[in-house]
Amino acid sequence: MEGLGVNASLWAGKRVLVTGHTGFKGGWLSLWLTRLGANIAGYALAPPTEPSLFALARLDQKMESVIGDIRDAERLARAVREFEPQIVFHLAAQPLVRYSYANPIETFEVNALGTAHLLEALRGAPSARAIVIVTSDKCYENREWPWAYRENEAMGGFDPYSASKGCAELVAASFRNSYFATPDHPTRGAALATARAGNVIGGGDWAADRLVPDILRALERGETAAIRFPRAVRPWQHVLEPLAGYLTLAERLWNDGAPFAEAWNFGPDPAGERTVGEIADALCRAYGDGAGWMKSGGDEPHEAHLLKLDSAKARSRLGWRPQWSIFEALEAIVDWDARRRCGEDVATTSLAQIDAYERRMDAAEHGASTPGAMI
């Protein structure tokens with residue numbers, strides 16, 4: 001097992017491709033990579049929301065940015081050829097469950113076929129050495145049982161979004177077995193892994209139909225937030241938690257290759273497995289000013305009511321583990337949003353939170369604690 005922390009010396013100068021860099025999660029990853037000194041290129045659609053972390057953090061000035069559709073195989077392959085990436089993070093996706101009910105074909109095209117387009121381009125890219133395909137905890141066949149899912153559980157999905165993420169996992173496994181490094185073929189192509197995170201939250205997320213953005217939008221308007229499924233249990237975690245896992249995983253793929261080319265869960269501690277209502281309560285308390293929420297009325301499309309992740313493998317073999325409690329994560333979000341509304345520089349605030357998270361990792365590695373504010 002390796003120690004905690006991200007190896008900055010490994011990332012300095014590396015050519016890193018991030019698909020989905022204009023989104024919430026991809027934006028945070030791109031900022032972290034700039035901090036590490038990587039040479040970054042991104043491939044994605046234009047920012048999906050207004051405002052967006054990509055625009056507010058001026059990421060177009062910090063990295064090479066190609067605006068393109070992951071379904072455009074020819075353009076994507078050209079971008080891969082021109083950039084010659086050494087490490088790849090695939091985050092481009094249609095990320096919303098409710099949207100997938102209205103747009104199932106687009107969801108499958110983006111999440112499953114888009115993954116295939118990228119891997120097809122990368123199997124012809126000799127520069128590529130480490131590939132992390134980010135899917136979702138919803139890739140599992142969710143039986144609503146009380147114990148957490150492990151990486152060897154069956155893929156599935158009730159709704160189009162969840163099923164498309166299961167499909168993306170199967171696509172990645174098929175390409176790995178056929179074209180990339182495996183224990184039986186350790187020198188054949190890049191080392192390819194998939195990563196499954198829980199419900200990711202953080203500053204800079206303005207997506208529709210997500211709990212934290214929906215609450216913050218309502219509170220900023222002075223309204224009471226409406227919650228669809230307050231009793232549903234999810235594995236909640238700050239966005240920096242899985243990103244630290246992805247970076248650590250990519251480092252092991254780079255250094256060790258095939259033994260780490262498999263699926264990995266990056267979920268919170270059991271204390272982070274909370275109901276939607278509990279998260280809404282805690283966020284409203286942190287926000288203050290009499291903030292509150294109510295249950296929305298009317299029929300809603302099906303969403304899973306119980307989902308947990310087992311991250312024992314990542315803890316044991318990667319040395320990764322969560323650093324912030326769910327309450328620290330919510331405090332960080334409220335602080336980030338307050339600073340943004342006060343006109344403070346978004347990139348500076350975000351990098352300060354990354355710095356605080358790295359300090360927590362360093363302290364944990366040396367058996368120390370770092371109480372107090374996030375930044």
Side-chain angles (χ1 to χ4, degrees), residues 1-12 25 28-38 87 89 130 132 134 137 148 150-151 193 195-204 234-256 259-260 263-274 279 282 286 308-336 349-375:
M1 182 182 75
E2 295 290 317
L4 295 169
V6 176
N7 182 3
S9 63
L10 182 147
W11 293 97
K25 207 172 180 182
W28 274 98
L29 178 59
S30 298
L31 275 171
W32 201 336
L33 288 166
T34 64
R35 173 181 166 80
L36 294 170
I87 301 174
F89 294 98
V132 177
V134 176
D137 59 344
R150 296 171 295 177
E151 289 87 348
R196 307 158 182 174
N199 277 43
V200 174
I201 57 178
R234 297 285 186 270
W236 304 94
Q237 57 194 150
H238 193 275
V239 63
L240 296 180
E241 304 278 24
L243 294 186
Y246 305 162
L247 290 166
T248 302
L249 175 57
E251 290 178 10
R252 297 310 299 270
L253 294 172
W254 179 271
N255 290 325
D256 302 305
F260 292 86
W264 299 85
N265 285 343
F266 297 100
D269 288 327
E273 296 165 352
R274 301 273 180 160
I279 298 301
K308 300 180 180 182
L309 280 183
D310 184 331
S311 304
K313 186 172 80 167
R315 290 168 178 267
S316 174
R317 295 183 56 199
L318 298 177
W320 171 89
R321 62 183 59 91
Q323 300 300 316
W324 285 353
S325 72
I326 184 58
F327 302 107
E328 289 175 312
L330 293 170
E331 289 171 5
I333 293 168
V334 171
D335 181 79
W336 190 100
T349 298
S350 302
L351 289 168
Q353 291 198 345
I354 292 171
D355 180 70
Y357 187 86
E358 287 188 334
R359 291 198 307 271
R360 179 66 65 86
M361 286 195 293
D362 291 340
E365 185 171 8
H366 295 94
S369 61
T370 56
M374 295 292 98
I375 60 174

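With sequence neighbours excluded, the residues satisfying side-chain hydrogen bond (donor to acceptor under 3.5 Å, both in side chains) with Trp11 are Glu251. Ala263 meets the side chain to side chain contact (heavy atoms under 4.5 Å, CB included) test with Glu151, Glu169, Thr194, Arg196; sequence neighbours excluded. Asp310 pairs by the side-chain hydrogen bond (donor to acceptor under 3.5 Å, both in side chains) definition with nothing, not counting sequence neighbours. Listed by chain and number, the residues in a side-chain hydrogen bond (donor to acceptor under 3.5 Å, both in side chains) with Trp32 are Glu358 (sequence neighbours excluded). Asp355 meets the salt bridge (Lys or Arg N to Asp or Glu O under 4.0 Å) test with Arg35, Arg359; sequence neighbours excluded. Looking at residues two or more places apart in sequence or on another chain, you find a side chain to side chain contact (heavy atoms under 4.5 Å, CB included) between Ala314 and Trp264, Phe266, Leu318, Trp320. Residues that satisfy the side-chain hydrogen bond (donor to acceptor under 3.5 Å, both in side chains) test with Ser311, not counting sequence neighbours, are absent from this structure.
Interatomic distance, Leu243 CG to Leu31 CG, rounded to the nearest 0.5 Å: 10.5 Å. Atom CH2 of residue Trp324 and atom CG of residue Leu240 lie 5.5 Å apart, to the nearest 0.5 angstrom. Note: Leu10 CG to Asn255 CG = 5.5 Å, rounded to the nearest 0.5 Å. Separation of atoms CG (Asp137) and CG (Leu309) is listed at 5.0 Å; rounding is to 0.5 Å. Atom OH of Tyr357 is separated from atom CD1 of Ile354 by 11.0 Å, given to the nearest 0.5 angstrom. Note: Trp236 CH2 to Ile201 CD1 = 7.0 Å, rounded to the nearest 0.5 Å.
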For this session: List the steps, then state whether side-chain contact (heavy atoms from CB on, under 4.5 Å) holds for Leu247 with Val132.
Result: CA-CA 9 Å; Leu247 290 166; Val132 177; over 6 Å; no
For this session: Please test His238 against Gln323 for side-chain contact (heavy atoms from CB on, under 4.5 Å), starting from the C-alpha separation and ending with a verdict.
Result: CA-CA 9 Å; His238 193 275; Gln323 300 300 316; over 6 Å; no
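By the 4.5 Å heavy-atom criterion applied to side chains, Arg234 and Ile279 are not counted as neighbours. Residues Val200 and Pro242 are in side-chain contact: their nearest non-hydrogen atoms beyond the backbone lie under 4.5 Å apart. Using a 4.5 Å cut-off on side-chain heavy atoms (C-beta onward), Met361 and Val6 make contact. At a threshold of 4.5 Å between non-hydrogen side-chain atoms, the residues Arg315 and Pro322 count as touching.
Annotation for Gly202 and Val239: closest pair CA-CG1, 4.4 Å, computed over non-hydrogen atoms. Considering every non-hydrogen atom in both Ala193 and Leu249, the closest pair reads CB-CD2, 3.8 Å.
Within the 3.5 Å criterion, the main-chain N or O of Ser9 finds a donor-acceptor partner in the side chain of Asn7. A side-chain donor-acceptor contact under 3.5 Å links Trp28 to the backbone of Gly203. A donor-acceptor pair under 3.5 Å is formed between the side chain of Gln237 and the backbone N or O of Gly198. In this structure a side-chain-to-backbone donor-acceptor pair under 3.5 Å is present from Thr248 to Ala244.
Remark: Glu241 does not engage Arg321 in a salt bridge, criterion side-chain N to carboxylate O under 4.0 Å.
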